[in-house]
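Fair warning: this is a prediction, and the values are worked out from it, not measured in the lab. Labels below follow one simple rule: chain letters A, B, ... track the order of the sequence lines, proteins then strands, and each chain is numbered from 1.
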2 protein chains.
Amino acid sequence: MDQKVDTRSRILDIAEAAVLEKGFEATSIEEIVAGAEISRGGFFYHFKDKNALARAMLERYIEAEEALYDDLFARARELNDDSLHCMLIGLKLLAEMLEDMPSGHPGCVIASTAYQDRLFDKGVRDLNRQAILGWRKRFRGMFEEISESYDTRQPVDLDALGDMVSSVVEGGLVLQRALREHNNASEQIMLFRTFLKLLFVPKT
Amino acid sequence: MDQKVDTRSRILDIAEAAVLEKGFEATSIEEIVAGAEISRGGFFYHFKDKNALARAMLERYIEAEEALYDDLFARARELNDDSLHCMLIGLKLLAEMLEDMPSGHPGCVIASTAYQDRLFDKGVRDLNRQAILGWRKRFRGMFEEISESYDTRQPVDLDALGDMVSSVVEGGLVLQRALREHNNASEQIMLFRTFLKLLFVPKT
DNA sequence: ACGTCAACTGGACTCGCGGTACAGTGGATC
DNA sequence: GATCCACTGTACCGCGAGTCCAGTTGACGT
C-alpha cells in the first residue's frame with residue numbers, strides 16, 4: 001500500500017493511457033492487468049466490471065480537469081485584473097498547454113465516452129453531463145463578469161458563449177485525432193480568442 | 001433486388017441508425033441481421049467483416065454530407081451574390097437544418113469513428129481524414145473568395161478559419177450528445193456566424 | 001502465538017460476439 | 001438445362017468479459 005503505489009490508482013493510470021490512445025472498447029482487461037502487473041482476479045477485486053472502471057476514470061479525469069482550469073485562470077488573474085483580459089490570457093495559457101503536449105493532446109475522455117454512451121450505465125452518462133454543465137457554468141460566470149464592464153457588439157447568449165469554449169476545444173480535438181495533426185485544438189482556441197476580442201467593447 | 005430494396009443498402013441503413021445511436025462497437029452483427037431480416041451468412045456475403053461495413057458506411061455518409069453542403073451553399077448563392085452573405089446564409093440554413101431534426105442530429109459518424117479509430121484499419125482512418133480535409137478545402141475556398149472583397153479586422157489563418165466550421169459543428173454535436181439537449185450545434189453555428197460578421201469588413 | 005481481515009493470486013468455467021467454412025437452395029438469365 | 005447470384009443455415013473456433021471460488025500473504029490487534 002505504498003512502495004508499488006496504490007494498486008487501484010495504478011490500474012487507473014494504465015487504463016487511462018490505453019483508453020485515450022485507442023478507446024474504451026478496444027482496451028482489454030487482459031492488457032490492463034498485464035500493464036499493472038496484477039491478476040485478473042485482482043482487477044475485479046477493485047472494479048466489479050468495466051463500467052465501474054469507466055466511472056472511476058471519468059471521476060478522476062474530471063477532477064483533474066477542474067483543477068487545471070482553476071489553476072490556469074488563477075494564474076491569468078494574477079497577470080491581469082481586467083475580466084476580459086483575464087479570460088484572454090487564460091485561453092492563451094490553455095492553448096499553449098495543449099500545444100506543449102508533445103504528441104498532441106490525448107483527446108478528451110468526455111467526447112470519447114459521449115460517442116459510445118450506450119456502453120455505459122446511467123452513472124457514467126450523468127457524470128459526463130455534469131462535467132460539461134460545470135464548464136458552462138464556469139465560463140458563463142466569467143462572461144457575466146466581463147459583461148459588467150463591456151458591451152457586446154452583437155447580441156449573444158452567454159450560456160452558448162460559455163459552451164463555445166467546450167465546443168471549440170472538443171471540436172478541435174476531434175479534428176486533431178482524425179487528421180493526425182498536432183495543434184488544431186490550440187488553433188481553434190486562438191480563433192475563439194479573436195472572436196472575443198472583436199465581440200467585447202469597453203462600456204462607455 | 002427491388003421490392004425489398006437492395007439488401008446491401010438495407011444493411012447500411014440499419015447499421016447507420018444503430019451506430020449513430022449507440023456507437024460502432026456496441027452494435028452487434030446479430031442485431032443488424034435481425035433488423036435487415038437476413039441471415040448471418042447473408043451479412044458476410046456483402047461485407048467480409050465489420051471493418052468493411054464501417055468503410056462502406058463512412059463512404060456513404062461522407063458522400064451524403066458533401067451533397068448536402070453542395071446543395072446548401074448553392075441555395076445560399078441563389079439568395080445572395082455577395083460571397084460573405086452567401087457564407088452567412090449557408091450557415092444559417094445549416095443551423096436550421098440541424099434544429100429541424102426532431103430528436104436532435106444523430107451525431108457525426110466522423111467524430112464517432114475518430115474516437116474509436118484503433119478498431120478500424122487504415123482505409124477507414126484515411127477516409128475519415130480525407131472527409132475533414134475536404135471540408136477544410138471547401139470552407140477555405142469560400143473564405144478566400146470573401147477575402148477578395150473584405151478585409152479582416154484581426155489577422156486570421158484561413159485554413160484554421162475553415163476548420164472552425166467543422167470544429168464548432170463537431171464540438172456542438174459532442175455537447176448535444178452528452179447533455180441530451182437539442183440545439184447546441186445550431187447555437188454554435190450561429191455564434192460562429194456572429195464571429196464572421198464581426199471579423200470581415202468591406203474593403204475600402 | 002493466534003485469529004482475522006484486506007488484498008490479492010490462479011484456475012476453471014460460462015456466455016456473447018466476431019469471424020470462418022461450407023453445403024445447399026431458389027430464382028433470374030442465357 | 002446449366003450457370004450464377006444472392007442468399008440460408010449450421011457447425012465451429014477464438015477471444016474477451018464476467019463469475020466463482022479456494023487458497024495465499026502480510027499487517028495488525030489481543
TODO: Could I get the full list of side chain to side chain contact (heavy atoms under 4.5 Å, CB included) partners for B:T152, not counting sequence neighbours?
DONE: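 Checked B:T152 against side chain to side chain contact (heavy atoms under 4.5 Å, CB included); matches are B:V156, B:L199, B:F200.
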
Open item on the list: Using the side chain to side chain contact (heavy atoms under 4.5 Å, CB included) criterion, which residues pair with B:K92? Sequence neighbours excluded.
Closed with: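 So B:K92 forms a side chain to side chain contact (heavy atoms under 4.5 Å, CB included) with B:E96, B:M190, B:R193.
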
Rounded to the nearest angstrom, tell me the gap between atom [atom1] in [X] and atom [atom2] in [N].
X      : N      : atom1 : atom2 : result
B:R10  : D:dC7  : CZ    : C1'   : 11 Å
B:I32  : D:dC7  : CD1   : P     : 15 Å
B:L119 : C:dG18 : CG    : C1'   : 12 Å

Task: Residue pairs passing the salt bridge (charged side-chain N to carboxylate O under 4.0 Å, His left out) test where at least one lies in residues 155-165 of chain B, sequence neighbours excluded - done: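 Listed once each, the pairs are B:R136-B:D163, B:R140-B:D159.
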
Does [N] have OP1 or OP2 sitting under 4.0 Å from an N or O in the side chain of [X]?
X     : N     : answer
A:Y45 : C:dA7 : yes
B:T7  : D:dA6 : no
A:H46 : C:dA7 : no

TODO: May I ask you to check whether over 12 heavy atoms, not counting those of A:E66, lie within 6.0 Å of atom CD?
DONE: yes

Task: Polar contact flag, side-chain donor to acceptor under 3.5 angstrom, B:E187-B:N184 - done: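 No, no side-chain donor-acceptor contact under 3.5 Å.
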
TODO: State whether a side-chain donor-acceptor pair under 3.5 Å links B:Q154 with A:T194.
DONE: no

- [ ] Any pair with a residue in residues 78-88 of chain A that passes side-chain hydrogen bond (donor to acceptor under 3.5 Å, both in side chains), sequence neighbours left out, goes on the list, sorted by first then second residue, please.
- [x] A:D82-A:H85, A:D82-A:Y150

Open item on the list: Using a 4.0 Å heavy-atom cut-off to protein, can you give one letter per nucleotide of nucleotides 10-21 of chain D, 5' to 3': B if the base is in contact, S if only the sugar-phosphate is, - if neither?
Closed with: ------SSBB--

- [ ] For residues A:F120 and A:A54, report the shortest heavy-atom separation together with the two atoms involved.
- [x]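 Where A:F120 meets A:A54 most closely, the heavy atoms are CE2-CB, 3.7 Å.
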
Task: End axis versus end axis in the helix from C:dA1-D:dT30 to C:dC30-D:dG1, the angle rounded to 10°, five pairs used at each terminus - done: 0°

